[in-house]
Amino acid sequence: MNKKRRGNKESAEGRKIVMATKEQTSVSEQFRTIRTNIMYSSVDKPIRSVLFTSATPGAGKSTIAANMAIAYAQAGKRTLLLDADLRRPTTHYTFEVMNRIGLSTAIVSDVELVDLVKHTDYDMLDLITSGPIPPNPSELLSSKRLEQFMNTLNIHYEMIIIDSPPLLSVTDAQILSKRADGVVLVTNVENNNRNQLLEAKDLLNRADANIIGLLLNQRDVRSGGKDGYYYYKSASEKSWHHNLKHKTP
């Protein structure tokens, strides 16, 4: 599932899938816990679409998004993974599918949903890749066509997981946050710092995004280390600052 393509560029590699089976590993159980936390993050309005983003590149947001999509599918939810990173998309590498058409195609032309959706090896999980990389991603994501397309997707799927570009690089994630019921900010504790996360949070607040969580992703693959994913609910300003102080559980 995670074969490397030619070249050493990060964007040309699939992301690691740890939810491929229903085995009760510690990491897969953490993804299921995140799924439960998201479900209970809103009482009045069910969360049916979640945007995963990060402050800076390399935090692991695409890995998290792919595995969370599988986690929802394994729970029996009709799930769509939408690659809305129109700059450095990765889901077509992760799931080993073609990327000739996708989200960018849907925005600029009339394409039937059935022609855009790619079925995966996982029951209940569909995928829409980014499509060809456009010269004007922010303009496309700001368009009325995207809003209409998201409304169509909401009719067909119980959960939509959206992968987006980092917040501090471009405005895409801010724009996309308006189309999601909730936003989870992902960080790798080895690379990102507190000031960057607070700046990213401020950008989301300016977009009136519903920030439902901060996910700390710590990867230590050397010396027989383990992959760890730690989730903290962001319910208030106070809890947010408290969570940023704790880089390990």
Practice prompt. Verify the cluster assignment for Ile175 and Ile107: are they in a single hydrophobic cluster under the rule of side-chain heavy atoms below 4.5 Å apart?
Written response: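 Both belong to a single hydrophobic cluster.
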
Discussion item. Restricting to non-hydrogen atoms, name the atom on Asn99 and the atom on Ser130 that form the minimum distance, rounded to 0.1 Å.
Written reply: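 Nearest pair, atom of Asn99 first, then Ser130: ND2-OG, 3.1 Å.
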
Fill in: Heavy-atom pair with the smallest gap, counting every atom of Phe52 and Lys61
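Shortest heavy-atom separation between Phe52 and Lys61 comes out as O-CD, 4.1 Å.
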
Under a 4.0 Å threshold between the charged nitrogen and the carboxylate oxygen, would [Y] count as salt-bridged to [X]?
X: Asp110; Y: Arg145; value: yes
X: Lys118; Y: Asp126; value: no
X: Lys178; Y: Asp208; value: no

Worksheet item: In Å, rounded to the nearest 0.5 Å, how long is the span from CD1 of Ile160 to OH of Tyr72?
Response: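 It comes to 12.0 Å.
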
Worksheet entry | Euclidean distance, Leu103 CG relative to Asp83 CG, rounded to 0.5 Å |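 Reported to 0.5 Å precision, the distance equals 8.0 Å.
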
Worksheet entry | Leu215 and Ile34: CA distance, side-chain angles, deciding distance, side-chain contact (heavy atoms from CB on, under 4.5 Å) verdict | CA-CA 9 Å; Leu215 196 153; Ile34 296 170; 3.3 Å; yes

Item to complete: Carefully, step by step, assess Asp172 and Ser138 under the rule side-chain hydrogen bond (donor to acceptor under 3.5 Å, both in side chains).
Response: CA-CA 5 Å; Asp172 299 11; Ser138 295; 2.7 Å; yes

Worksheet entry | Heavy-atom donor-acceptor pair, Thr33 side chain to Phe31 backbone, under 3.5 Å |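 No; zero donor-acceptor contacts below 3.5 Å.
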
Practice prompt. Answer yes or no: is there a side-chain heavy-atom contact under 4.5 Å between Thr187 and Asn217?
Written response: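 Of all side-chain heavy-atom pairs linking Asn217 with Thr187, none is under 4.5 Å.
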
